[in-house]
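See structure below.
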Amino acid sequence: MLKSVLKDILYQELVQIQKYLETLNPKDGVELVIKLMPYVLPKVTSVSHTTNEPLDWDLT
């Protein structure tokens, strides 16, 4: 029950986020978007290949 209520509240806030961003000055809006990005986008990790490392492309 509580989980459902919190989910609904958060969803309503997400629907309103565009309006909130429009009320901020551009600098603050960009800062807010940057702070929220880690919650939406996956973390980038670097991948490297070492010499003589076998390449296994079997994706089955």
Mind checking the CD-CG spacing from Q12 to D8? Nearest 0.5 Å is all I need.
7.5 Å
According to a hydrophobic-cluster definition based on side-chain heavy atoms being under 4.5 Å apart (Ile, Leu, Val, Met, Phe, Trp, Tyr only), do I17 and M37 belong together?
yes
Interatomic spacing from CG in L41 to CG in L36 - rounded to 0.5 Å
10.5 Å
To check you understand the geometry: which heavy-atom pair defines the closest contact between D28 and N25, and what is its length?
N-OD1, 2.9 Å
I'd like to know if the side chain of S4 reaches the main chain of M1, judged simply by a donor and an acceptor atom lying under 3.5 Å from each other, with no hydrogens or angles considered.
no
Identify whether the distance between the nearest side-chain nitrogen and carboxylate oxygen of E31 and K35 falls below 4.0 Å.
no
Have a look at V30 and tell me which of L32, V33, I34 forms a side chain to side chain contact (heavy atoms under 4.5 Å, CB included) with it.
I34
